[in-house]
Structures are given as C-alpha cells and as structure tokens.
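Following: one structure in structure tokens, then a few remarks.
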Amino acid sequence: MEIQSPLGMQDILPEDVPLWKKVESAMHRICALYRYSEIRTPLFEFTSLFTRSVGEVTDIVEKEMYTFTSNTDSTPISLRPEFTAGIVRAYLQHSMHKQKAFQKFYAFGPLFRRERPQKGRYRQFHQFDIEALGSYSPYLDAETILLASDFLNELGLKEYKISINSIGCPACRAKYREALQNALAPRIGELCQNCQARYERNVFRIMDCKSEKCRAIAAGLPPIQQKGILCDECRDHFGKVFSILKATELEDRVNTFYAGQTTKAPKAKSIPNPLLVRGFDYYTKTTFEFTYSSALGSQDAILGGGRYDNLIEELGGPKSGAVGFAAGIERIILALKDTKTQLSFKKLPKKIPIFIASVTEQEQKRNQEQDTILRDAVFKITTQLRRDGRPADMDFENRSLKAQMKIANKLNYKYVITIGSDELKHDTVKIKNMNTGDEKTCPRKYMLEYLNGYDIVNLAHSESKEIQRLNEFLDLYNKAISLHQSGNENGAADSLNEAEKILIELKIDDAFLLSELYGFKGTVERNIEKNEEAENDLIESVKKNNEYALIWFVLCTVQKKLGKEDEAIKSFMKAYEITGDAWSDWAQREGNKKYFPSEFLERLKSEVEKQYVYDASGTQNVKNSMNK
RNA sequence: GUGGGUAUAGCUCAACUGGAUAGAGCACCAGGCUGUGGACCUGGGGGCUGCGGGUUCAAAUCCCGUUACCCACCCCA
C-alpha cells in the first residue's frame, strides 16, 4: 500500500479501544475522589508559551516541537508538547486565580514531540495530566503522588517504583550547578559530545544521558542532598513531604534519596535514580517519577512530575506555587498488556463527598505545633476516605476553621468532618450536617460505616415528610453499626428490624438502600447463626438489585456456611462479574477471612480461570461464549 | 472576505455627555463570633478605562489608527 501514516503516528484500533476506555474511566474516577476538575485546552499554543515555560535550552524546545506559522499570521504556533504550560495559561487568562487562588485540574489528550519513535514512544502520544495551582503546601506534593499511585493501583498495575527527589529552588540549583561543574571539570573530556555541550548549557541533563560512559560518571556525581546545597526551606519542605507520605503507608514503594538531616530517614530499598532531574526548566523542589520496568524497554518511566513554584509568576501571574504530574498513556497500556491484568471496575454505589476541616484555635491562641498535628490528622482522614472510594477534600492553606467552613459551604458539601484537639484526644471525629447544622460525634474506627449510613439517607427519596422518618432510620442503622462492631449481634438485628419497619412503612423501593439494609441484616444474621433467615434476606435484596456486589459476596459466605458450596460458588461468580479481581481484597479483609478458607479460595480461583479469560487488550471475555 | 456593534475591577454594569482621587452589586480576603458555614454588620485588596497616537487647561468620554471579541452576510456543511 502506498499511503501510510507519518512516522511516529499510531492508530488506536477498535480492539484496543476498550483498554483505553478503562484507563480513561480510572482517571475520571480517581480525579473525582481527589476532587480535581477536568480542563480542556487547545492542541496548539503560541510557541513563545513553551519556550518561556519549558525552557529555551531543552531538547523539547530546541528540536522536538512541531512549530509553524499560518499564512495570514506571522506569530509562530506549536503543537503542545506537554500540558502544564497551556493549563497555566488558561488559569491566568481566565483570571481563575482571582476567583479562587487554589484550583485543581486534570486533563487528558494528545501531545506532540518530534522524537525518534521507539517502543512506548510516539510522535503523537497521550497523557493524563494533573495540576494543582496556587499553593505551596507540602500536603499537595504528597497528594499528587498518592493520586498517581491510586491511579495505577486502580488499573491493577502493582510493580511500579517511585523515585522522589528535591531539586531545590533556583538558588539551590545554582549552587548545585556549580558543584556539578566542579566535580565534572577534570573528566570533561570523557563525556560524550552531547554532554560536553551540556556542561555549560544545562549540566543537569548529563544525568539523563543514555550513554554508558556518561552514566558511569553521573553515578559518581554528588547528589543534591549533599550537605550545604539545599537551603533550609527546601530541605524542610522535602522532609515534610516525605513524612506525610510515610503516614499514608506509601513509603515502602518509594525509593528515594532523603534530604532531611533532623528527621529519621525512612528505609530505602534501593536507589535507582537518586539524581532524578527533570527535563523542564520550571521544576523546583519536589520532583518524582514512577517507573515500571518490565516490558517497556528503555522507556520505563510511566509518570513524572513535581513542583513548579516559579512558573505561574514567569507567565505573568502572581507569585504562587503549584504541583503536577503527567502519565504516559501509551506506556501504561503497554504495561497493562504485559501484565494481563484483569481489568474491570467496581460498580460502586455513589458516595457523598466529604470535606474535612481542622479545628484551629482562635488567631491568638494558635500554635504551629498543634496546627501541624491537626493538619496531619486531617490529611490522613482525607486519604482514608478516598481509599474507601469516597470523594474527599481538605484545605491546604492553613486557614481558620471559619474560613474552612466557608469553603465547604461554598462548594456545597453536605457533610463536613471536623477534627480538633478534643477529637484527637478521644479518637473520634465530628460529622456535621451542613443542611441542619447538627453535629454527631462518632468513634474514628466506625467513621466509614457511619458515612455509608449518610449515603443511604441522601440517596433515598427526599420528600420532606419522609425525611424525619429516614433520619430515624439512619439513627437505628448507626446504632446497629455500633452494636455490630461491639459484637452485640442480637442487638444489631433488633435495630435493623426496627429500621426495616420504617422502610416498609414509607414504601421505599430504592434498590441501593434495600440492598444495603438487607445485606447488613444478612451479615448480622449469619453471625448469630440464623442462617436460613440470612439467606432469605439476601435473596430478597438480590431481587431488588443484583448488580450490587456486596450482596452476592455476603450471600456467598452464608451459603458456604450452610454447606451449599455450589450455590456459594454461583453467588461468588455473580459478584466476580461485577467487581473483577477486587474480590480478593474483600475476601482477605479481616473479618471475612474465616469464610474463605484456603481450599475454598483455591476453588474460587480455578472457577474464575475456567470461566474467564483475558485477552491481550485486557478485555474481560467469557470463555467460549461465542461457541455456545 | 464584506458590513455593523462592543471594549471600564475576576464577573455584570455605572460615571451629569469634556471636569477634580473612575464607582456599585456580586465574587475574593480578614474581622465582628474565645471550637464552626449560609443571614447581617465593619473593614481590606484589587483598574496603565483594550492598545497607539492626536485635539484640549483638562479625555473613560471627542478625532484618527490598530487589535480582540460579538452579531449578520459571504463561504462551507
């Protein structure tokens, strides 16, 4: 055939499209949890935007951009080689910073760079991009890293590694540049030609060089964390980012070179890239990169980003900080194909978003130490809620409680969790209903269940005469949770029966709500050995909503207990159809373990393998379904 | 490509038809309120009046040019 696509252009053929859609839907879902809003910017911008932001002496600007001028207009324009510049431009052009200084965006779409194509690298490629604009908070550095890791987890990619580094502020970088040049000076002749040129122009890039010789030399260079290079502020910031990540139990994935002198350094399994620098000029302080080595060839970076505290100002905005990252979709798709990950998504019930506020003292009484403790707690709870699949957000600017409440109100949050010193002391949280102003204190460990209860009321019918009875229902439901958690299953069953009466009285036919109620009832009755009743309740619930996986899981455990192993397998397969491999997490959750003894787990596994096969695109297909 | 209209704070609009430090509502920030949002009150930040030139003692206002946007037409579908 004569006509081919230009070099480096790739068609996404119908067989691959489902996989792309899964990646996109994971992206939307995770961004919803972290409360980022989608933004779409043009495919091309004035060339000067990129030269100013990405940097004059970068490979991208020097030789990789597709730049052209139109017939009537002499100002050169370029196809976007990255997202950040365009998004910051839009943020400033529409004066979004004057509305609300701090905003979180995400974007998805094609980008263009004229590189030599290779595996996982194309001239038109796609990225998923995140930008949090208008804040210096180290919690945001941590948040973006967590978001990235949740995104990959959601896709079932488990083998990624995270490298984190700090490249300091411009002052630190100047110092570091000098240190590097001094270290390299005696060996300059040994560097490749390219790097000899880089020595003067952009010495940091020598660390990215692919040539063996340069890599060996780069490995011996002083790391930026060497004493005396990073200023106090940069070092403290990095230490804080790291301690926040540590509190979220992400640190075992992180291979980093730790800067802090005062805080204890976390264990680092290995140091694959302690000299991580980034290709763009605008980065400051934190930089990070996620790598996924198997099957990606030499292009093993799937995601990279960092902080850029000077870019907004350089593009004509106010002085303000920002963090972001971009993930290469083509490479993620390759990784997914390689792992044959079982991709399918949980049909989760809709959860109401929660805002978490720290109860700071009055201005005069505030002390920094206490504020930090509260903020850490707030961030931890925010993370916990997001991991439970609930959209959640917090304030990053250390504002007063009043200001935080104002934000929550403005953004239409129906519930706000407040954490103050009292709550910390008693290990509780306060949940405030923003419509009624009511506040309820709830033990921290039952927080998720309580919030599920609020979902029920909010998702049920909202006619005014029903509201009061529904709130009574919610109280009974909450009471049942407490009783169930404290082991009083009989008491829980009584409360649930009372609650059920309310639903019958109100003739409520909401599938989710009934599934939730009967699912819980089934669990409780199973625990008090009323196995037949439990099964009946669950079957009742299945009739209402058989797409709600939890019902099938619980039904499976009950049938297993009744000795109806074949029935149990069938229920399980139904749940599996809905959730995919998410079931294994559920089965291994404490409290569920005893219903899934290892031989039963094995049987489930082989049953799954018998019925489902995953093709290269990751699409879930029923085996042989075409033949039958 | 042709014709018309508009351009003032982040937004919507004022400013006696040439007059003094360009205002208001909304939005934003802070306080009134010792651990809490909406209502109210007080204060604060924010403007090269699109840009360049001209007339005038004096220009947001008048004149010329220019740019951007909107509408209609032409074209395209």
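Here is the naming used below: chain letters follow the sequence lines, and residue numbers restart at 1 for every chain. These numbers come from the heavy atoms of this one structure, side chains and all, not from hydrogens, waters or symmetry mates.
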Please say whether more than 12 non-hydrogen atoms of neighbouring residues, nucleotides or ligands are located less than 6.0 Å from [atom1] in [X].
X: A:R114; atom1: CZ; value: no
X: A:E397; atom1: CD; value: yes
X: A:F44; atom1: CZ; value: no

Measure from the side chain of [X], starting at C-beta and using heavy atoms only, and say which of [options] lies closest.
X: A:R399; options: B:rG35, B:rC29, B:rG37; value: B:rC29
X: A:V359; options: B:rA30, B:rG35, B:rG37; value: B:rG35
X: A:S95; options: B:rG32, B:rG10, B:rG35; value: B:rG10
X: A:K98; options: B:rG38, B:rU36, B:rG10; value: B:rG10
X: A:N409; options: B:rG35, B:rA30, B:rG37; value: B:rG37
X: A:Q99; options: B:rG35, B:rG37, B:rG10; value: B:rG10
X: A:L401; options: B:rU36, B:rC29, B:rA27; value: B:rU36

For the [atom1] atoms, the ones on [N] and on [M], what distance do you get once it is rounded to whole angstrom?
N: B:rG50; M: B:rA7; atom1: P; value: 8 Å
N: B:rA68; M: B:rC51; atom1: C1'; value: 10 Å
N: B:rG45; M: B:rC28; atom1: C1'; value: 9 Å
N: B:rC48; M: B:rA22; atom1: P; value: 13 Å
N: B:rG5; M: B:rG46; atom1: C1'; value: 30 Å
N: B:rG10; M: B:rC73; atom1: C1'; value: 35 Å
N: B:rG38; M: B:rG31; atom1: P; value: 13 Å
N: B:rA60; M: B:rG19; atom1: P; value: 10 Å

Just label B:rU21 as syn or anti from its O4'-C1'-N9-C4 or O4'-C1'-N1-C2 angle, using within 90° of 0 for syn.
-> anti
Any idea which heavy atoms bring A:G328 and A:Q127 closest together, and the distance?
-> CA-CG, 4.3 Å
In the structure shown, which nucleotide is the Watson-Crick or G-U wobble counterpart of [N], with both distances under 3.5 Å?
N: B:rG18; answer: none
N: B:rA72; answer: B:rU2
N: B:rU36; answer: none
N: B:rG23; answer: B:rC13
N: B:rU55; answer: none
N: B:rG31; answer: B:rC41

Just checking A:Q404: base, sugar-phosphate only, or nothing, at a heavy-atom cut-off of under 4.0 Å?
-> nothing
Assign A:E397 to base, sugar-phosphate, or nothing according to its heavy-atom contacts below 4.0 angstrom with the strands shown.
-> nothing
Are A:K406 and B:rG37 close enough that a side-chain N or O sits under 4.0 Å from OP1 or OP2?
-> no
Short side-chain N/O contact to B:rC28 OP1/OP2 from A:K410, under 4.0 Å = yes
A:D150 with A:R29: basic N within carboxylate O range, under 4.0 Å = no
Whole-Å distance separating the [atom1] atom of [X] from the [atom2] atom of [N]:
X: A:Y91; N: B:rG10; atom1: OH; atom2: C1'; result: 12 Å
X: A:Q93; N: B:rG50; atom1: CD; atom2: P; result: 18 Å
X: A:F102; N: B:rA27; atom1: CZ; atom2: P; result: 22 Å

In terms of the angle between their ring planes, are A:F379 and A:Y139 parallel, tilted or perpendicular, with boundaries placed at 30° and 60°?
-> tilted
Give me the ring orientation class for A:Y415 and A:Y454: parallel if the planes are under 30° apart, tilted from 30 to 60°, perpendicular past 60°.
-> tilted
With no angle test and no hydrogens, is the base of B:rU36 tied to the side chain of A:K432 by a donor-acceptor pair under 3.5 Å?
-> yes
